[in-house]
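The structure displayed is predicted, hence computed values, not measured ones.
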There are 2 protein chains.
Amino acid sequence: MGLSIGQVAERTGLSVHALRFYEREGLLADQVRRESNGRRVYSEDDVGWLAMCIKFRSSGMPLDTIRQYTELVRKGAGNEADRLALLRSHQEHIAAQIEELQEAMRVITHKVTIYEEHVAAGTASCLWTTPNEEPGKELSA
Amino acid sequence: MGLSIGQVAERTGLSVHALRFYEREGLLADQVRRESNGRRVYSEDDVGWLAMCIKFRSSGMPLDTIRQYTELVRKGAGNEADRLALLRSHQEHIAAQIEELQEAMRVITHKVTIYEEHVAAGTASCLWTTPNEEPGKELSA
DNA sequence: ACTTGACCTAGACAACGCTCTAGCTTTTAC
DNA sequence: GTAAAAGCTAGAGCGTTGTCTAGGTCAAGT
């Protein structure tokens with residue numbers, strides 16, 4: 001039931017350093033328990049919370065915002081609307097990122113296509129002799 | 001036809017600082033021309049190239065990788081296969097990012113839904129009195 | 001003449017998110 | 001009993017990606 005920092009590191013993928021760092025930064029919803037000797041004992045809840053933090057991070061939420069969210073939760077019931085606002089705003093942020101990535105993907109896929117043609121056409125025989133021409137100018141158009 | 005650094009900043013959205021920084025970092029395909037007084041003069045091609053760099057950056061390509069790509073292009077024809085490999089690898093990277101974001105989006109949308117219910121149900125009357133309970137435990141399941 | 005504003009270089013500084021070190025204690029395995 | 005492994009704190013260090021400052025040049029407007 002109680003996990004050591006090493007075990008938590010293993011199953012979250014975070015380093016033990018990062019785990020201590022997150023704790024210092026106030027990202028953990030509730031105080032991590034300690035053994036008599038001072039070692040941290042993580043509960044399953046702690047691990048669950050960390051998993052959520054990792055999802056937040058992996059979608060580009062800054063530690064600072066995670067801390068804000070954590071603080072809301074720590075304050076307990078009554079600020080659900082605030083939490084919701086924060087979550088929604090992050091949702092929008094994710095959506096924007098996805099769009100941006102998709103747009104970049106389109107552009108790059110286009111470039112890839114062009115290069116594929118070039119490479120297929122000229123593998124052994126280098127036909128087009130425009131050294132500094134880059135199939136990327138279509139971007140400016 | 002020739003643009004000042006300020007004009008380029010305006011139309012790329014990069015700061016003049018960033019433009020000089022990018023140049024120092026070797027991200028520009030061809031040497032930026034200078035006026036007799038030493039001021040930079042950007043061509044439309046330069047701006048096009050910068051637009052591409054921005055797309056790369058916005059999809060998470062590190063400056064270092066952009067520099068590698070730039071170097072390939074600078075070397076001229078003959079390494080198209082290398083450029084293609086780099087682009088493809090970035091394509092995969094983008095795809096992975098999109099998936100990660102979509103996964104995070106699912107999780108967060110789920111949380112949002114739960115909060116919406118809670119907020120709708122208990123706006124004025126705080127019904128559920130479990131202060132430290134966070135609708136996020138479902139993550140660990 | 002003089003001020004304003006855009007530009008130049010070189011280099012310091014900064015935010016973010018960890019990561020690592022030093023120096024020490026405790027636990028575990030042999 | 002002893003050595004290796006794991007933990008602790010406090011704080012330094014670092015890679016990335018810019019941003020900002022200092023100190024100076026240059027051109028244009030008033």
| request: May I ask you to decide if Glu23(A)'s main-chain N or O and Glu25(A)'s side chain share a donor-acceptor pair within less than 3.5 Å? | output: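 Side chain of Glu25(A) to backbone of Glu23(A): no pair is present.
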| said: When you measure from the side chain of Arg74(B) to the backbone of Leu28(B), do you find a donor-acceptor pair of N or O atoms at a distance under 3.5 Å? | reply: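 At least one qualifying donor-acceptor pair exists.
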| Which residues pass the salt bridge (Lys or Arg N to Asp or Glu O under 4.0 Å) test with Glu71(B), sequence neighbours left out? |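 Here no residue qualifies.
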| query | With Arg24(B), which residues qualify under salt bridge (Lys or Arg N to Asp or Glu O under 4.0 Å), at least two apart? | reply |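 Scan of Arg24(B) (salt bridge (Lys or Arg N to Asp or Glu O under 4.0 Å), adjacent residues dropped) gives none.
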With sequence neighbours left out, what residues match [X] under side-chain contact (heavy atoms from CB on, under 4.5 Å)?
| X | answer |
| --- | --- |
| Glu10(B) | none |
| Ser89(B) | none |
| Ser43(B) | Arg33(B), Asp45(B), Asp46(B) |
| Leu63(B) | Phe21(B), Tyr22(B), Leu27(B), Arg57(B), Ile66(B) |

| said: Taking any atom closer than 4.0 angstrom to a non-hydrogen atom of chain A, what span of DNA chain C does the protein reach, first nucleotide to last? | reply: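 Result: dG17(C) to dT27(C).
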| query | Residues in ring pair (Phe, Tyr, Trp, His ring centres under 6.0 Å) with Phe56(B), at least two apart? | reply |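 Residues passing ring pair (Phe, Tyr, Trp, His ring centres under 6.0 Å) with Phe56(B): Tyr69(B).
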| field | Boundaries of the DNA chain D segment in contact with chain A, non-hydrogen, under 4.0 Å | value |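 Counting from the 5' end, contacts occupy dA6(D) to dT9(D).
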| task | Mind checking the NE2-CE spacing from His90(B) to Met61(B)? Nearest 0.5 Å is all I need. | result |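 Here the interatomic distance stands at 4.0 Å.
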| request: To the nearest 0.5 Å, tell me how far Leu87(A) CG sits from Thr113(B) OG1. | output: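 If we round to the nearest 0.5 Å, Leu87(A):CG and Thr113(B):OG1 are 10.5 Å apart.
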| message | Quick check on contacts: within residues 17-26 of chain A, what sits under 4.0 Å from DNA chain C by heavy-atom distance? | response |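 Result for residues 17-26 of chain A: His17(A), Phe21(A), Tyr22(A), sorted by number.
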| request: For DNA chain D, determine which residues of residues 3-15 of chain A have any heavy atom closer than 4.0 angstrom to one of its atoms, and list them numerically. | output: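 Within residues 3-15 of chain A, the residues near DNA chain D are Ser4(A), Ile5(A), Gly6(A).
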| What residue pairs, at least two apart or across chains, pass side-chain hydrogen bond (donor to acceptor under 3.5 Å, both in side chains) with a residue in residues 93-105 of chain A? |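 Sorted result for residues 93-105 of chain A: Glu103(A)-Arg106(A).
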